[in-house]
Visitor: 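Have a look at this one.
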Protein chains: 2
Amino acid sequence: MLYAGFMSAALPSFPTPPEPAPSPELIQLGTGDAEDEPCLRADAARNRARLLEAAARLVAEHGAAGVTMEAVAAAAHVGKGTVFRRFGDRVGLLTALLDHSEKKFQAALLGGPPPLGPGAPPVDRLRAFGCALLRRADEELELQLAAEPAGERRYTVAPRRFQRGHVAMLLRQAVPDADGELLSHTLMSSLDVALLHHLTRQNGMPLARLEAAWTDLVTRVTRPREDHLSR
Amino acid sequence: MLYAGFMSAALPSFPTPPEPAPSPELIQLGTGDAEDEPCLRADAARNRARLLEAAARLVAEHGAAGVTMEAVAAAAHVGKGTVFRRFGDRVGLLTALLDHSEKKFQAALLGGPPPLGPGAPPVDRLRAFGCALLRRADEELELQLAAEPAGERRYTVAPRRFQRGHVAMLLRQAVPDADGELLSHTLMSSLDVALLHHLTRQNGMPLARLEAAWTDLVTRVTRPREDHLSR
DNA sequence: AAACAAACCGGACCGAGGTCCGTTTAAAGT
DNA sequence: ACTTTAAACGGACCTCGGTCCGGTTTGTTT
């Protein structure tokens with residue numbers, strides 16, 4: 001049953017955490033593993049599972065657009081307020097649906113086999129990272145697109161922060177003389193889900209071309225500079 | 001009076017143009033200048049001006065968040081339907097507010113003095129383009145942020161397509177061996193308004209650092225390759 | 001001047017996200 | 001078992017973007 005899979009889907013219990021501290025960049029990545037949901041009351045846990053199961057069914061039946069907060073609540077036989085209490089907002093709910101896949105991806109980066117995981121040269125890891133991300137996004141495109149918050153919030157969402165931190169770390173190893181922080185934003189932006197959708201679905205561009213462009217981009221960006229005429 | 005300025009603000013008269021043809025990339029840039037608004041009925045033109053003036057006042061008084069479609073309609077003594085008929089949707093209205101500034105910017109790129117305008121080497125023009133765009137976005141940040149459509153639509157909006165086309169053209173001149181189409185998306189993404197907001201407003205990053213990073217990025221990306229080990 | 005068609009107008013209406021608050025209930029303490 | 005309390009619940013309610021359609025205005029034609 002696809003039900004069990006969602007039991008492990010995790011999210012900070014606080015729907016809208018202000019999260020005041022910028023914090024040392026690379027530390028707060030792993031969102032406490034080991035059966036999360038710090039302490040959920042029995043009924044809360046039950047309803048949470050019901051909601052995720054209902055949401056997944058709605059996605060399968062009517063696409064991501066069919067995942068209305070009211071529809072999910074009704075399908076799970078639960079009040080609307082409960083959905084918002086648990087997931088904060090629509091983005092939170094959709095993100096929770098993607099949580100399992102995201103966890104797997106993070107695990108592959110952190111401890112999987114090279115070149116995605118540790119052990120390979122940073123530039124190779126960068127190349128592998130982008131291609132893996134592109135392929136994964138291409139599979140879950142509709143859901144990931146719907147789960148993307150609007151405007152500035154795009155950059156504060158947990159998965160993106162983790163991925164960007166990862167890229168920044170690899171960049172610091174590969175090109176110490178660059179502004180890794182900002183360069184990582186640039187690289188991440190070129191893997192944006194909305195862009196992927198625009199190019200592949202609206203312009204019919206093959207995924208292979210995107211992968212080639214990513215590979216080339218990494219190459220260009222990490223080439224050591226031989227002249228210092230800039231700045 | 002700031003009123004007159006808005007008379008020249010322009011937008012395709014069709015609220016929701018399907019725009020089926022991908023078209024030869026660089027052609028449909030200039031959105032017919034020379035006193036646009038092909039043919040607006042007297043009352044329509046009057047209401048359009050009223051609406052823009054009212055919207056501008058609301059922005060000044062309550063910020064972009066205060067620009068509610070109903071509020072604008074009320075402030076302009078006009079029905080709500082009229083607002084949507086004229087501007088299509090909220091994004092269209094906000095875009096129209098920015099139209100004057102956008103036109104000026106486009107003119108500077110197309111016919112202004114170098115290095116922004118034609119006459120300078122493409123790499124210099126690229127550098128100037130990014131810095132100019134960053135500075136302009138930094139000024140109108142709130143409005144531009146509010147005018148940014150969500151999701152995939154971000155990439156289909158007219159100003160962005162023009163700017164990306166411009167970058168693509170410069171890239172083709174500077175680095176003919178690269179995938180200019182995709183590389184231009186990458187460069188444009190690193191100038192994204194939401195990202196600018198995130199970095200400068202939420203993380204307190206100085207604009208100068210963004211400009212330096214842009215300059216460096218252009219340098220890295222346009223450096224000629226000497227080895228062909230990639231691919 | 002009268003008639004006509006196309007464009008425009010306005011506001012009632014709808015759906016969806018998000019909030020609020022009185023009520024219920026799980027679980028810890030006695 | 002009984003009390004207590006903090007958490008969870010649910011659905012009425014609000015706001016806002018967007019649609020619809022009957023009535024009105026404009027400008028053109030005869």
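Labels below follow one simple rule: chain letters A, B, ... track the order of the sequence lines, proteins then strands, and each chain is numbered from 1.
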Visitor: Given dT19(D), dA16(C), dC9(C), which nucleotide is nearest the side-chain atoms of N47(B)?
Guide: dC9(C)
Visitor: Just by distance, no angles: are the side chains of Q202(A) and T156(B) close enough, under 3.5 Å, to form a donor-acceptor pair?
Guide: no
Visitor: From C-beta outward on R41(A), which listed nucleotide comes closest to its side chain: dA7(C), dT25(C), dG17(C)?
Guide: dT25(C)
Visitor: To the nearest angstrom, how far is E70(B) atom CD from dC9(C) atom P?
Guide: 18 Å
Visitor: Specify the residue among V78(A) and D43(B) whose closest nucleotide of DNA chain D lies further upstream toward the 5′ end.
Guide: V78(A)
Visitor: What's the closest nucleotide to the R90(B) side chain, out of dT25(D), dG18(C), dG18(D)?
Guide: dG18(D)
Visitor: For the pair made of CZ in R86(A) and C1' in dC9(D), what is the distance, rounded to whole Å?
Guide: 10 Å
Visitor: Just how far, in rounded Å, is P of dT19(C) from CZ of F87(A)?
Guide: 16 Å
Visitor: For G81(A) and for G79(B), locate the closest nucleotide of DNA chain C by heavy-atom distance; then report the residue assigned to the nucleotide nearer the 5' terminus.
Guide: G79(B)
Visitor: Taking R209(B)'s backbone N and O only, do any of them form a donor-acceptor pair with W214(B)'s side chain (distance below 3.5 Å, no angle check)?
Guide: no
Visitor: Test your reading of the model: is there a side-chain donor-acceptor pair from R86(A) to the backbone of G81(A), 3.5 Å cut-off?
Guide: no
Visitor: Rounded to whole angstrom units, what separation is found between the CG atom of L40(B) and the C1' atom of dC9(C)?
Guide: 14 Å
Visitor: May I have the distance from K80(A) (atom NZ) to dG11(D) (atom C1'), rounded to whole angstrom?
Guide: 9 Å
Visitor: Nearest of dG10(D), dA27(C), dC8(C) to any side-chain atom of T82(A)?
Guide: dG10(D)
Visitor: Rounded to the nearest Å, what distance is computed from the CG atom of residue L93(A) to the C1' atom of nucleotide dG18(C)?
Guide: 14 Å
Visitor: As an exercise, state the distance from CD of E148(A) to CG of D192(A), rounded to the nearest 0.5 Å.
Guide: 5.0 Å
Visitor: Rounded to whole Å, please give me the gap between CZ in R48(A) and C1' in dG10(D).
Guide: 19 Å
Visitor: Name the closest nucleotide to the F84(A) side chain, picking from dA8(D), dG17(C), dT25(D).
Guide: dG17(C)
Visitor: If you round to the nearest 0.5 Å, how far is CG of L207(A) from CG of L196(A)?
Guide: 6.5 Å
Visitor: Report the distance from atom CG of L94(B) to atom C1' of dC16(D), rounded to the nearest whole Å.
Guide: 14 Å
